[in-house]
Trainee: 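One structure coming up, written as structure tokens, with questions to follow.
A note on names: the letters A, B, ... follow the listed sequences, proteins ahead of strands, and every chain is numbered from 1. Everything numeric here is computed off the predicted structure, so don't read it as measured data.
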Amino acid sequence: KAGVTQTPRYLIKTRGQQVTLSCSPISGHRSVSWYQQTPGQGLQFLFEYFSETQRNKGNFPGRFSGRQFSNSRSEMNVSTLELGDSALYLCASSPDTRDGYTFGSGTRLTVV
Amino acid sequence: DQQVKQNSPSLSVQEGRISILNCDYTNSMFDYFLWYKKYPAEGPTFLISISSIKDKNEDGRFTVFLNKSAKHLSLHIVPSQPGDSAVYFCAASGRTGSNYKLTFGKGTLLTVNP
């Protein structure tokens, strides 16, 4: 079966711009979570969506937002980009079981 | 506040020997623990998990041990192979309302030398 697809794979943006990342989950998975990975901080939880509703939220500023569509595809938006937002952004989908998380390959965002 | 801690950023072992990766947690509400493995330019992949009602779970060369009283878990890889070289993340899950959320550690880079 197809895995979790994240687009684009790489992105370079300028400080102050905004960016939208996309995640297509495994068919049938209704839960989509987003994580930020940086070298010093590991994987930090951004938010989780389930059936188009945000169900959990991490400790990130309001510049980070997301949404989920009726087909479970999810988008993450970061506004007013800062240099510190440079990171690998990972999306994981799940059939809502504890060990059912499958990660995508991520989007590498570089802010210059 | 780092609720899941992997205090060793890196570990180097010889092929064929045992690799032991450690993880500590602080939140008593965590009741399910997982290990993920990550290669560069790929997303993390699930390796093995353990429920808090157990103290050991085995899957082939991989064994996870849980010490609830010490809030400590470890992943043992025996024998270690060069293909095991990757970053290993410990994750913990606890109920938040009606659902669960994974909290990850910062990861340990394992290098297995031929």
Side-chain angles (χ1 to χ4, degrees), chain A residues 2-10 21 23-26 29-51 53-60 68 87-110, chain B residues 1-10 21 23-25 27 29-54 57 59 62 64 73 86-109:
Chain A
V4 178
T5 303
Q6 290 189 247
T7 56
R9 286 296 307 273
Y10 302 93
L21 312 182
C23 173
S24 293
I26 290 173
H29 286 191
R30 294 163 65 190
S31 167
V32 174
S33 299
W34 288 89
Y35 291 84
Q36 181 195 65
Q37 186 191 5
T38 55
Q41 297 299 319
L43 270 71
Q44 293 188 287
F45 175 75
L46 281 151
F47 30 65
E48 184 219 358
Y49 286 86
F50 183 84
S51 293
T53 301
Q54 188 180 85
R55 192 163 68 169
N56 278 309
K57 189 177 187 305
N59 298 321
F60 277 80
Q68 187 180 33
L88 179 67
Y89 289 89
L90 291 159
C91 161
S93 78
S94 163
D96 211 26
T97 60
R98 285 186 153 187
D99 52 9
Y101 286 78
T102 301
F103 283 84
S105 296
T107 294
R108 170 73 62 185
L109 172 65
T110 302
Chain B
D1 175 29
Q2 192 77 18
Q3 296 187 63
V4 177
K5 300 177 186 177
Q6 294 178 256
N7 292 320
S8 298
S10 63
L21 296 99
C23 178
D24 297 293
Y25 62 96
N27 191 334
M29 300 303 290
F30 290 146
D31 61 356
Y32 195 78
F33 305 89
L34 309 90
W35 285 93
Y36 283 81
K37 173 176 163 180
K38 185 180 184 299
Y39 294 117
E42 293 182 16
T45 54
F46 171 74
L47 201 53
I48 192 169
S49 61
I50 187 167
S51 165
S52 61
I53 62 173
K54 294 185 173 182
N57 188 27
D59 184 2
F62 302 90
V64 57
L73 63 154
V87 177
Y88 289 78
F89 289 99
C90 170
S93 171
R95 183 178 285 275
T96 52
S98 61
N99 54 79
Y100 304 98
K101 187 180 90 173
L102 285 186
T103 302
F104 285 84
K106 294 185 179 182
T108 296
L109 173 62

Trainee: Does any heavy atom of chain B fall under 4.5 Å from the side chain of A:Gln6, the backbone, both, or neither of them?
Mentor: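 No part of A:Gln6 comes within 4.5 Å of chain B.
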Trainee: Could you check whether atom NZ of A:Lys57 has more than 12 heavy atoms from other residues, nucleotides or ligands sitting under 6.0 Å from it?
Mentor: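 Counting other residues, nucleotides and ligands, NZ of A:Lys57 exceeds 12 neighbours.
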Trainee: Please tell me if the side chains of B:Val87 and A:Gln37 come closer than 4.5 Å, counting only heavy atoms from C-beta onward.
Mentor: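 B:Val87 does not reach A:Gln37 side chain to side chain.
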Trainee: Less than 4.5 Å to any heavy atom of chain B: does that hold for the side chain of A:Phe50, its backbone, both, or neither?
Mentor: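 Interface part for A:Phe50: neither.
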Trainee: Within this structure, what is the CD-CG distance for the pair B:Glu42 and A:Leu90, rounded to the nearest 0.5 Å?
Mentor: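 These two atoms lie 11.5 Å from each other.
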Trainee: Take B:Tyr36 and A:Tyr101 through the test ring pair (Phe, Tyr, Trp, His ring centres under 6.0 Å) and record every step on the way to the result.
Mentor: CA-CA 10 Å; B:Tyr36 283 81; A:Tyr101 286 78; 7.5 Å; no
Trainee: Looking at CZ of A:Phe103 and CZ of B:Phe89, how far apart are the two atoms once the value is rounded to the nearest 0.5 Å?
Mentor: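 Nearest 0.5 Å value for the CZ-CZ distance: 9.0 Å.
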Trainee: If I compare all heavy atoms of A:Phe45 with all of B:Leu102, which pair ends up nearest, and what's the gap?
Mentor: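 Between these two residues, the closest heavy atoms are CB-O, 4.5 Å.
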Trainee: When only pairs under 4.5 Å are counted, which of A:Ser31, A:Gly58, A:Ser105 shares the most heavy-atom pairs with chain B?
Mentor: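 Of the options given, most contacts go to A:Ser105.
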Trainee: Is it the side chain or the backbone of B:Ser49 that comes within 4.5 Å of chain A heavy atoms, both, or neither?
Mentor: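 The side chain, not the backbone.
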Trainee: Using a 4.5 angstrom heavy-atom cutoff, name the option from B:Pro44, B:Pro9, B:Ala41 with the most pairs to chain A.
Mentor: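 Max contact count across the listed options: B:Pro44.
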Trainee: Below 4.5 Å from any heavy atom of chain B, which atoms of A:Arg108 appear? Answer side chain, backbone, both or neither.
Mentor: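 Contact with chain B is absent: no heavy atom of A:Arg108 under 4.5 Å.
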